[in-house]
Amino acid sequence: MDDLVITIAREFGSGGHQIGERLSKKLGIPYYDKDLIKLASEDSGINEGLFGLADEKSSGSLFKKTKVYDGGISKPDSSDFTSEENLFSFQAKIIKELAEKKSPCIIIGRCADYILADRKNTLKLFIWADKENCIKNTMDVCGFDRKEAEKQVKKINRERSEYYKAHTGHEWSDVRNYDLCINTSEHGFDKCVEIISNYIDVMYK
């Protein structure tokens with residue numbers, strides 16, 4: 001497991017972040033989520049706020065002209081240096097560097113499964129839950145009422161799906177993108193962590 005990287009794609013409200021955090025503690029390895037934005041900003045010199053605006057979401061026509069990620073990065077004097085494509089490319093660069101230098105580790109979201117698709121010893125997870133559980137979890141974690149929680153679950157999952165499609169050309173919820181898909185509605189967070197840990201014991205040790 002020395003160089004294992006675990007990527008976690010997750011529906012909003014499914015508990016993917018919580019599972020990543022608990023799995024990190026159980027395995028004793030770091031996990032990266034929002035800090036990817038800060039790392040990409042520091043590496044590129046581009047304002048962190050710009051990365052935040054395009055983080056796992058599209059807004060209106062933001063991604064209409066986005067091309068599938070090809071590994072290239074525009075230079076600072078380029079007119080598209082702060083384009084959505086280039087922001088994604090810098091973040092992808094950080095994900096690859098973490099996989100190379102900080103493994104074993106866990107990377108949450110940001111199309112990491114696609115970016116690291118050709119890398120050996122990469123476990124690609126998709127965490128999901130039924131609508132009712134996503135709404136309930138969102139109410140509990142974010143303090144929303146039911147109406148707002150339902151709105152946010154629908155909105156953010158749509159944005160993540162569009163973001164994934166724009167940058168990978170693939171469907172976010174297609175099980176063929178992943179090694180293991182887990183329904184937290186059926187198992188609960190701690191049981192899911194146990195399932196993943198047991199899977200790693202069998203497949204990567």
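In what follows, every heavy atom counts, from backbone to side chain, and hydrogens, waters and symmetry copies are set aside. Please read these numbers as outputs of a predicted model, since none were measured by experiment.
- Note: Glu194 CD to His187 NE2 = 11.0 Å, rounded to the nearest 0.5 Å.
- In terms of heavy-atom proximity, Ser24 sits nearest to Ile106 at N-CD1, 3.6 Å.
- Aromatic ring pairs are classed by plane angle as parallel below 30°, tilted from 30° to 60° and perpendicular above 60°; the pair Phe51 and Phe90 is perpendicular.
- Atom SG of Cys134 and atom CE of Met139 lie 13.0 Å apart (nearest 0.5 Å).
- Between the side chain of Ser103 and the backbone N or O of Ala99, at least one donor-acceptor pair lies under 3.5 Å.
- Residues Ile37 and Leu53 share a hydrophobic cluster, clusters being chains of Ile/Leu/Val/Met/Phe/Trp/Tyr side chains in contact below 4.5 Å.
- Heavy atoms of other residues, nucleotides or ligands lying less than 6.0 angstrom from CG of Asp118 number 12 at most.
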Enumerate donor-acceptor pairs with a distance under 3.5 Å from any side-chain N or O in residues 4-12 to protein atoms, sequence neighbours excluded.
residue	atom	partner	partner atom	Å
Arg10	NH1	Glu56	OE1	3.2
Arg10	NH1	Glu56	OE2	3.0
Arg10	NH2	Glu56	OE1	2.9
Glu11	OE1	Ala129	N	3.4

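- A salt bridge between Glu132 and Lys136 is absent, with no side-chain N of the basic residue lying under 4.0 Å from a carboxylate O of the acidic one.
- Nearest approach of Cys192 to Ile182, heavy atoms of both residues: SG-CG2, 3.3 Å.
- Taking the six-membered ring where tryptophan is involved, the planes of Tyr31 and His17 are perpendicular, since the angle between them exceeds 60° and thus also 30°.
- From Glu97, atom CD reaches atom NZ of Lys102 across 10.5 Å, with rounding to the nearest 0.5 Å.
- Side-chain atoms of Asn86 do not come within 3.5 Å of backbone N or O of Thr82 as any donor-acceptor pair.
- Taking CD1 of Ile135 as the reference point, atom CZ of Arg146 lies at 4.5 Å (rounded to 0.5 Å).
- Ile196 CD1 to Leu125 CG: the interatomic distance, rounded to the nearest 0.5 Å, is 5.0 Å.
- Residues satisfying the salt bridge (charged side-chain N to carboxylate O under 4.0 Å, His left out) criterion with Asp174, sequence neighbours excluded, are Arg176.
- Trp172 has its ring centre less than 6.0 Å from the ring centre of Phe126.
- Judged by distance alone, the side chain of Ser161 and the main-chain N or O of Asn157 form no donor-acceptor pair under 3.5 Å.
- By the 4.0 Å N-to-carboxylate-O rule, Lys34 lies close enough to Asp55 to be salt-bridged with it.
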### Query
Going through the checks in order, is the salt bridge (charged side-chain N to carboxylate O under 4.0 Å, His left out) test met by Lys155 and Glu159?
CA-CA 6 Å; Lys155 173 179 176 288; Glu159 289 174 343; 3.0 Å; yes
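- Counting only distance, with no hydrogens or angles, the side chain of Arg110 and the backbone of Ile108 share a donor-acceptor pair below 3.5 Å.
- Note that the NE2 atom of His170 and the OH atom of Tyr114 stand 5.5 Å from one another [nearest 0.5 Å].
- Side chain of Ser89 to backbone of Ile73: no donor-acceptor contact under 3.5 angstrom is found.
- Of all non-hydrogen atoms in Asn177 and Lys124, the two that sit nearest each other are O-CE, 3.5 Å.
- Looking at Asp43, its side chain never comes within 3.5 Å of a backbone N or O of Ser41 through a donor-acceptor pair.
- Classification of Glu150 and Lys154 as a salt-bridged pair fails, no side-chain N sitting under 4.0 Å from a carboxylate O.
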